[in-house]
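Step one of this worksheet: look at the structure below.
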Number of protein chains: 2
Amino acid sequence: MLLCDIGNSYAHFFDGKRVWKESLEEFLDKYFNEKLYFINVNQKLKDRLKDIKNWINLEEYIEFKTTYKGLGVDRKVLCLAIEDGVGVDAGSAITVDLMVKKEHKGGFILPGFKAYEDAFKEISSILDKGIDFSVNLNSLPKNTKEAISYGVIKSIVCLINDIAKGKKIFLTGGDGKKLLPFLENAKYDEKLIFYGMKKIIKDRLC
Amino acid sequence: MLLCDIGNSYAHFFDGKRVWKESLEEFLDKYFNEKLYFINVNQKLKDRLKDIKNWINLEEYIEFKTTYKGLGVDRKVLCLAIEDGVGVDAGSAITVDLMVKKEHKGGFILPGFKAYEDAFKEISSILDKGIDFSVNLNSLPKNTKEAISYGVIKSIVCLINDIAKGKKIFLTGGDGKKLLPFLENAKYDEKLIFYGMKKIIKDRLC
């Protein structure tokens, strides 16, 4: 069974064993004739995906109760996978959602790490330093690169801890692993979204 | 006495009474023949500013001890003005510095609010909602606009409170006022940088 999670930067695939990513330019043609289940948050691809006969959009089968209006399908699926705790998907954007006993309580959105780096670059060439993930968050920064790295990472970590309040933190997404050393009671699994997708298939399509 | 603080988006002026801003395209010609004291963080304007006869660059007169390498002149001047507490300058970028009894302890940098908005816009049209400063930080977001506003504002506030640890917070910069309702023990003064500049003039040029 082939699963595909289409984002704003890449399409991620899972065949039950391995996770890999494909560029948004190529994946449509490459897998056009295969049977697969997908979710998609990419607005630009929405219409084209409707026409692919063998591709099944799992969004139509999701049962997910929340008072949050307009929750992205990827966030819903991640929340279905974790059931209880905080789900963090760090990719183009960083989404953070709180689930308490299978109930969605709300969540927030921050830019992804690359978006922060690009934002600094836009502001001034002096701030075009990139984020150093080896920065020490327990000591105040002493140069520009540290100041940027500390600012970005610690502000994100601070808000994740604030929503988690000791609950388990589930990290996923291309940059999820980068947050792992900075969070207590957290684990990283690149397959979380796919576990949620499998759950939908099992509950609603089998 | 005319003071000018040149940033990456605007040049801010203070004549002892009033603060106003001028576009970076116009202010050089407009004030070319006036006598003024300035500080500048704009790399693109650096060389042109050297040639203006009546303009005095206060950077050359600053005495400021810190172990932080490459601290921007605007941050130094703000720190000179506050002496003890946390200085927050919210403009194109948001800089946050801790001063303890006239000693600089370090600081961090985050993107400015407009940079966050632009970053979200770049990621996806769905995230192009702008920041709502009336958002409630005590209740989890229930839609995309709230999720973005909560994420940006609360992550910044969280990190400012973390560095302040109850110390007085001094806000300045074009967007400094927007942070005021979210912080305890904080005050906003658009003239802070100019107070620092005046201090340098008094101590070193009079």
Side-chain angles (χ1 to χ4, degrees), chain A residues 7-9 41-44 66-72 75 91-98 104-112 114-116 118-120 122-127 129 137 139-152 154-163, chain B residues 7-9 41-44 66-72 75 91-98 104-112 114-116 118-120 122-127 129 137 139-152 154-163:
Chain A
N8 288 305
S9 302
V41 295
N42 193 312
Q43 293 302 300
K44 290 174 193 155
T66 179
T67 52
Y68 189 112
K69 278 182 190 149
L71 191 69
R75 290 169 69 185
S92 312
I94 298 173
T95 61
V96 181
D97 285 281
L98 176 64
H104 183 247
K105 296 294 185 184
F108 59 85
I109 309 172
L110 280 167
K114 193 181 165 295
Y116 273 100
D118 290 348
F120 282 122
E122 273 298 305
I123 296 166
S124 165
S125 58
I126 286 186
L127 303 181
K129 303 272 186 194
L137 299 189
S139 127
L140 282 179
K142 299 292 188 190
N143 60 57
T144 306
K145 188 165 183 140
E146 281 178 24
I148 284 169
S149 309
Y150 179 104
V152 171
K154 198 163 181 176
S155 64
I156 295 169
V157 163
C158 194
L159 203 49
I160 293 175
N161 283 329
D162 180 79
I163 196 176
Chain B
N8 288 305
S9 302
V41 295
N42 193 312
Q43 292 303 301
K44 291 174 192 156
T66 179
T67 53
Y68 188 113
K69 277 182 191 148
L71 191 70
R75 289 168 70 186
S92 313
I94 297 174
T95 61
V96 180
D97 285 281
L98 176 64
H104 182 246
K105 296 292 183 183
F108 59 85
I109 309 172
L110 280 166
K114 193 181 165 296
Y116 273 100
D118 290 347
F120 282 123
E122 273 296 307
I123 297 166
S124 165
S125 57
I126 285 185
L127 302 181
K129 302 273 187 193
L137 299 189
S139 131
L140 282 179
K142 299 292 187 188
N143 60 58
T144 306
K145 189 167 181 136
E146 280 178 26
I148 284 168
S149 308
Y150 179 104
V152 171
K154 198 164 180 175
S155 64
I156 296 168
V157 164
C158 195
L159 203 51
I160 293 174
N161 283 330
D162 180 79
I163 197 175

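Note on naming: letters A, B, ... go to the chains in the order of the sequence lines (proteins, then strands), and numbering restarts at 1 for each one. FYI, side chains are in, hydrogens and waters are out, and symmetry mates aren't considered; it's all heavy atoms of this structure.
Interface residue F120(A): only side-chain heavy atoms are found under 4.5 Å from chain B. When heavy atoms are compared at a cutoff of 4.5 Å, E122(A) does not approach chain B at all. Contact of I160(B) with chain A is not made at all, since no heavy-atom distance falls under 4.5 Å. For chain B, the nearby parts of T67(A) are the backbone and the side chain; heavy atoms of each come within less than 4.5 Å. Only the side chain of L127(B) comes within less than 4.5 Å of a heavy atom in chain A; its backbone stays farther off. Using a 4.5 Å cut-off between heavy atoms, L71(A) makes no contact with chain B at all. When heavy atoms are compared at a cutoff of 4.5 Å, N8(A) approaches chain B solely by way of its side chain, counted from C-beta outward. Interface remark: I126(A) contributes side-chain atoms only to the contact with chain B (heavy atom separation under 4.5 Å). The part of I163(A) that comes within reach of chain B is its side chain, from C-beta onward, which places non-hydrogen atoms under 4.5 angstrom from that chain.
Heavy-atom minimum distance, P111(A) versus Y116(A): O-CE1, 3.2 Å. Between K129(B) and K145(B) the shortest heavy-atom distance is O-NZ, 3.0 Å.
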Passes side-chain contact (heavy atoms from CB on, under 4.5 Å), E146(A) versus Y150(A)? Steps please.
CA-CA 6 Å; E146(A) 281 178 24; Y150(A) 179 104; 5.6 Å; no

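Remark: T95(B) engages R75(B), D89(B), D97(B), I109(B) in a side-chain contact (heavy atoms from CB on, under 4.5 Å) (not counting sequence neighbours).
Not one N or O on the side chain of N143(A) forms a donor-acceptor pair closer than 3.5 Å with the backbone of Y68(B). Looking at K105(A), its side chain never comes within 3.5 Å of a backbone N or O of L98(A) through a donor-acceptor pair.
With respect to chain B, the highest number of heavy-atom pairs below 4.5 Å among I123(A), V152(A), I156(A) belongs to I123(A). If you tally non-hydrogen atom pairs under 4.5 Å between each of A93(A), G107(A), G91(A) and chain B, the highest count goes to G107(A). Per-residue heavy-atom pair counts under 4.5 Å with chain B were compared for C158(A), A119(A), P141(A), and the maximum is reached by P141(A). When each of S9(A), S92(A), G72(A), G70(A) is scored by its heavy-atom pairs under 4.5 Å with chain B, the top score falls to S92(A).
S155(B) pairs in a side-chain contact (heavy atoms from CB on, under 4.5 Å) with only one of the listed residues (D162(A), V157(A), L159(A)), which is L159(A).
Taking OG of S149(B) as the start and CG of L137(B) as the end, the distance is 9.5 Å to the nearest 0.5 Å.
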